[in-house]
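Presented below is the structure to which this report refers.
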Amino acid sequence: MAKKYDTPMLDELKKGAFPSFITEIEKATETADYAKDLLGLLERSFNEKKTHWKHGGIVGVRGYGGGVIGRYSDIPDEFPGVAHFHTVRVNQPSGFFYTSDALREICDIWEKYGSGLTNMHGSTGDLVLLGTNTESLEPIFAELSSRGWDLGGSGSAMRTPSCCVGQARCEWANIDTMAITNEITQHYQDEMHRPMFPYKFKFKVAGCACDCIASIARADMSIIGTWKGDIQIDQKEVANYAKGGMDIQAEIIDMCPTQCMGYDGKAISINNEHCNRCMHCIAKMTKALKPGKERGATILLGSKAPIVTGALLSWVIVPFMKMEPPFEELKDLIDRIWEWWDEHGKNRERVGELIERLGFPTFLKGVDLEPHPAMVTEPRRDPFFFWSEEDIEK
Amino acid sequence: MSDLPERQTDIGPPHYEKFLPPVIKKNYGKWAYHEEKSAGVMVHVAESGDKITTVRVASPRILATQSLREMSEIADKYCDGYIRFTTRNNVEFLVSDESKVDGLVKELKDKKYMLGGIGSRISNVVHTQGWVHCHSAATDASGLVKAIMDELSEYFTDKETPAKVRLAVACCVNMCGAVHCSDIALVGVHKTAPRILDEEIKNMCEIPSTVASCPTSAISPNPKEKSVKIKLEKCMYCGNCYSVCPAMPIADPKNDGVAIVVGGKVANLRTVPKFSKLAIPWIPNNPPRWPEVTDAVKKILDTYIAGAMKHERVGEWVERIGWEKFFDITGLEFKIQHVDDFTFARETFRMAATFKH
Amino acid sequence: MDKEEVKKAIYDMIEASMGKKKLKPSDVMKKLKADHGVERGDGKAALKDLMDAGTLVYSYKGGSYVELPPK
Ligand code: HEM
Ligand code: HEM
Ligand code: HEM
Ligand code: HEM
Ligand code: SF4
Ligand code: SF4
Ligand code: SF4
Ligand code: SF4
């Protein structure tokens, strides 16, 4: 294929062991012209050490307030092929499972109407189609939605929820992450497609405290599977690990953060009352140890990136919630939180920032949650707390 | 356009059950354990004794349709068409028929796929957008990822690290992604506030919305010039104003560069999730391969591998030895930028007389 | 107010806001409630109709707003 531009810098990045994004962009020049100008523009950025994009315009297809991100080059005259280069967010199936037929269906549509470039997947979770023009948006949406696909969220709306692989293929999943994610997504379609919130709201669902989806760092609401009751021990398998060369004392017992485990050279014992369910021992001895039998989730709220007021990780708001379909208790909590946020939140204020501004106690009262020691690492150090009317003797 | 099918709204994504291999449907929620066969192959065994083999390969995340078609064909041949992607953008081939695993591995290797990323190793790099599109990028993301993973590829395909090592790249301080909680992460940083092009602001920008765009209220109107001014000590180089007002360019090729932060994690295992902390405040951009950055990452990684106990994440290792020791043994210079003066600074001052010399 | 009247009220509100302070969807709902006593659910349904018809569009400027479609 004849190249439209010379790209010595980018060509350098085709070498090496790791799969090359430049090679991918070059492949896409075979199905549409967008990628040719994309390569030219990118070479320019590598030379000038400077970006050449600007924000813009379109946010959705007719009726939707999200799902499409408008993107324009800041030097369209030189690279007309990427003058428009909009992104379409397609809501991924929970757990990122596909069949080859499903992938080909997406490819057929995208080769016909777009650049042929995708992100599998965006960090929010969507299947991202990179690069098309304004006229193609409605046809793409008609082709996708008539085949059972829908757009994800963007803007001040519920963003596309996502989850770890969960019970589909992980022995540690305490909750059905894919079912929860699918249920939230379907139940709140309106909140996803028609932005109504002060700012974005993300859900991520992890099956256990390993948190393979990084929910605690990247979601306004992090749902993390856990258990109550005793860790199940198979002492025969413990012996097998020892036989296999594992130094159980050093690798497991001594690394237990709560020092609640013992090992007498034959069997493991656990003082479960003191286990904080960190998953270390279970993850290292998958055949010997299993979570306790009563399963549920810890609900945490509020993480966000550092800018403006400093980074937040989500923190506990519900220590333990049962997670059984149709997840009414969860939905009820979500509704209460959104209502409170909508009432008090300023424009572009994430729910975590709002709680910082108004105070965690105010939030707990506002959404009707009981305080619990699991919500804090320690009680307050200062004496400047408030009382309400009913606490005062008249 | 009359031949278009009829559009539907609010149908949501296809139900995941359509895409699950029968062995997963049958054993859903009933997996007993898994074994790592190699860096790129693991087997999950169900309580019923059924097995599913996963073969994981790296992906640059940006994929052309041709690549998706090729993967689909491979999935048809060995996996009854079943394929999935991971949170860190790896591709996983799901093999139900154990006898097909060797053939799949051979074909993937022949086609130059990079197998690995399972276990105590370096997995794929979570990253943001960079010069491939974002308007506030202080560095590129995909290019950095490629440069680093080429250098470290053996830690993906083969060599083990003391615990999982999670890498991430964000191309500016907005850090879209869990960069602030990674073992080793690269963050694009601007050193200079946006320039104010008074003449163009007059024509291109709405003054009130430009003033309002600044999260730290650093911008105020400059009525004399019909423009704005920036209080430099307040600016945190976020680039928001540039999104609103294109006459306030923030890109500064000579002063834009890369910072390295280390020691974050999201998993709860052993110790609580941690934020990453600053190791190196600034390294110049040197595309296409950023040699100074890859050298620094390798230095930190090598020191960690030499010093950490088994199962210890980077952050756990540094906390055990102390940050003062970290700077000592990595030979990284401790600069004024390392001392925090942002929101939670007070908590980082050493309020004790105990530390290592 | 019936739905057509609510739609008209929303449209007028947005038309008046163009070139001034942009309105978020929730601003629209709060104003509808304050000025006309319209409940949130009814307001949302009316806004949805206007969006589906393309009479109004969403925009995104670091937050989601309601605007008239570009010319
Ligand atoms: C008032 C001016 C603007 C400000 C302060 C601003 C600020 C921001 C911020 C902070 C974000 C990231 C936060 C987020 O994802 O929600 C963002 C994302 C974005 N902005 Fe802007 N921006 C402005 C103008 C624009 C304009 C004029 C457009 C296009 C017409 C635009 C399009 C986008 C897009 C497409 C994204 C990514 C959207 C998403 O993830 O939902 N922005 N902007
Ligand atoms: C190597 C190629 C690229 C990579 C690795 C990449 C990566 C990303 C990432 C990580 C995001 C954040 C999305 C998310 O996580 O949900 C993103 C978003 C975006 N990318 Fe890229 N990108 C690439 C190429 C492009 C190109 C060529 C364009 C268009 C010029 C583009 C346009 C966008 C837009 C508009 C968004 C914001 C909307 C969205 O996330 O859906 N990207 N990209
Ligand atoms: C030491 C603690 C951890 C252990 C024992 C662990 C274990 C595992 C295992 C066994 C899998 C395969 C699960 C499956 O797909 O069947 C997995 C997947 C994964 N892990 Fe972890 N993990 C740990 C920490 C982390 C951390 C801290 C991250 C991210 C920052 C992470 C990210 C991932 C990702 C992205 C996947 C792929 C998930 C997916 O397939 O959707 N893991 N992990
Ligand atoms: C002009 C500034 C910004 C732009 C253009 C921008 C753009 C983006 C884009 C395109 C994404 C991926 C799409 C998505 O998840 O919706 C994203 C994700 C994200 N952004 Fe920003 N963003 C900006 C500022 C911010 C700010 C100010 C914050 C924090 C308050 C922030 C926090 C995040 C977080 C936490 C994510 C999610 C990452 C994930 O889901 O893994 N961003 N941003
Ligand atoms: S978060 Fe837990 S349940 Fe989910 S994939 Fe990771 S280890 Fe498994
Ligand atoms: S889960 Fe963690 S705290 Fe509990 S016994 Fe195991 S290592 Fe100890
Ligand atoms: S980290 Fe910064 S430069 Fe990179 S994509 Fe996000 S906002 Fe853009
Ligand atoms: S770069 Fe960010 S902090 Fe600096 S003036 Fe612009 S908006 Fe304000």
Side-chain angles (χ1 to χ4, degrees), chain A residues 9 12-13 16-19 21 24 27-28 45-46 49-51 53-55 91 93-100 103-104 107 111 116 118-120 123 139 142 145-146 148 150 167-169 171 178 185-186 189 209-211 213-214 216-218 257 278-280 286-287 305 307-308 310-311, chain B residues 4-8 10-14 16 19-20 24 28-29 31-33 44 58 60-66 68-69 72 75-76 81 83-85 87 131 133 135 137 142 146 149-150 153 174-175 177-178 180-181 215 238 243 251 253 266-270 273 275 285 287-288 343-344:
Chain A
M9 284 268 214
E12 169 59 32
L13 289 178
F18 193 71
F21 67 106
E24 294 299 319
K27 281 186 197 169
S45 278
F46 269 68
K49 303 186 191 177
K50 169 170 180 227
T51 183
W53 295 102
K54 59 182 187 191
H55 264 177
N91 197 146
S94 296
F96 310 110
F97 281 90
Y98 295 89
T99 55
S100 49
L103 287 179
R104 279 187 286 256
C107 291
E111 283 169 4
T118 70
N119 270 178
M120 306 293 288
S123 38
S145 64
S146 64
D150 203 342
Q167 296 183 339
R169 202 203 49 202
E171 64 268 30
M178 301 206 308
T185 312
Q186 292 290 356
Q189 283 288 299
C210 288
D211 197 359
I213 192 84
I216 201 163
R218 311 192 294 173
C278 81
M279 282 300 293
H280 171 72
T286 164
K287 288 187 187 169
I307 195 104
V308 190
Chain B
L4 278 177
E6 186 159 352
R7 81 210 280 276
Q8 295 176 269
D10 299 306
I11 56 172
Y16 54 84
F19 304 132
L20 298 180
I24 284 189
Y28 197 91
W31 296 98
Y33 64 92
H44 283 76
R61 178 159 84 158
I62 190 166
L63 291 172
T65 47
Q66 289 93 330
L68 288 172
R69 288 183 191 281
S72 297
D76 282 340
I83 185 168
R84 76 177 284 268
F85 298 81
T87 329
W131 294 332
H133 89 72
H135 60 287
S142 316
K146 170 77 175 135
M149 284 308 285
D150 280 345
S153 63
N174 288 315
M175 299 196 198
H180 50 306
C181 299
C238 73
S243 333
V266 294
N268 290 267
L269 288 89
R270 302 170 299 283
F275 290 118
N285 275 323
T343 328
F344 309 119

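To find a chain, count down the sequence lines: A is the first, B the second, and so on, and within it residues start at 1. Keep in mind the model is a prediction, meaning the values are calculated, not measured.
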(request) To the nearest 0.5 angstrom, please state how far the OH atom of Tyr28(B) sits from the CE atom of Met178(A). (result) 4.0 Å
(message) Please give me the minimum heavy-atom distance between Leu68(B) and Cys107(A), naming the atom from each residue.
(response) CB-SG, 3.7 Å
(request) Please state whether the side chain, the backbone, both or neither of Leu13(A) comes within less than 4.5 Å of a heavy atom of chain B. (result) both
(message) Has Gln186(A) got a side-chain atom pairing as donor or acceptor with Pro13(B)'s backbone, closer than 3.5 angstrom?
(response) yes
(request) Provide the closest heavy-atom pair for Phe18(A) versus Pro60(B) in the form atom of the first, atom of the second, distance. (result) CE2-CA, 4.4 Å
(message) Quick check on the interface: out of Asp150(B), Ile24(B), Asp10(B), who has the most heavy-atom pairs with chain A under 4.5 Å?
(response) Asp10(B)
(message) Given heavy-atom pairs under 4.5 angstrom as the criterion, report whether the side chain, backbone, both or neither of Glu6(B) touches chain A.
(response) backbone
(request) Taking Lys49(A) for its side chain and Pro287(B) for its backbone only, find out whether a donor-acceptor pair lies under 3.5 Å. (result) no
(message) For the interface with chain B, which of Pro257(A), Ser100(A), Ala209(A), Gly116(A) has the highest count of heavy-atom pairs at distances below 4.5 Å?
(response) Ser100(A)
(message) Taking Gly12(B)'s backbone N and O only, do any of them form a donor-acceptor pair with Asn91(A)'s side chain (distance below 3.5 Å, no angle check)?
(response) no
(request) For chain A, find which of Ala58(B), Pro273(B), Ala32(B) contributes the most heavy-atom pairs closer than 4.5 angstrom. (result) Ala32(B)
(request) Select, from Ser145(A), Ser146(A), Ala28(A), the one with the greatest count of heavy-atom pairs under 4.5 Å involving chain B. (result) Ser145(A)
(message) Tell me if a side-chain donor or acceptor on Glu12(A) pairs with a main-chain N or O of Pro288(B) at a distance below 3.5 Å.
(response) no
(request) Nearest 0.5 Å please: distance from the OG1 atom of Thr118(A) over to the CG atom of Leu63(B). (result) 5.0 Å
(request) Find the distance between CD1 (Ile62(B)) and CE (Met120(A)) and round it off to the nearest 0.5 Å. (result) 12.5 Å
(message) Using every non-hydrogen atom in the two residues, find where Lys146(B) and Phe21(A) come nearest and quote the distance to one decimal.
(response) CB-CE2, 4.1 Å
(request) Answer with side chain, backbone, both or neither: which region of Ser94(A) has an atom nearer than 4.5 Å to a non-hydrogen atom of chain B? (result) both
(message) Could you measure the distance from the CD atom of Gln66(B) to the CD atom of Glu111(A)? Nearest 0.5 Å is fine.
(response) 6.0 Å
(message) Treating Arg270(B) as the side-chain partner and His280(A) as the backbone partner, does any N or O pair qualify as donor plus acceptor under 3.5 Å?
(response) no
(request) Could you tell me the separation between the CG atom of Asn268(B) and the CE atom of Met279(A), rounded to the nearest 0.5 Å? (result) 10.0 Å
(message) Could you report the tightest heavy-atom contact between Trp31(B) and Glu171(A), atom names first, then the distance?
(response) O-CB, 3.3 Å
(request) Determine the minimum heavy-atom distance between Gln189(A) and Ile11(B), stating which atoms define it. (result) OE1-N, 3.8 Å
(message) To the nearest 0.5 Å, what is the distance between CZ on Phe85(B) and CG on Leu103(A)?
(response) 5.5 Å
(request) Among the options Ser153(B), Ala75(B), Gly29(B), Ala251(B), pick out the one with the most heavy-atom pairs lying under 4.5 Å from chain A. (result) Gly29(B)
(request) Determine the minimum heavy-atom distance between Leu269(B) and Cys210(A), stating which atoms define it. (result) CD1-SG, 3.5 Å
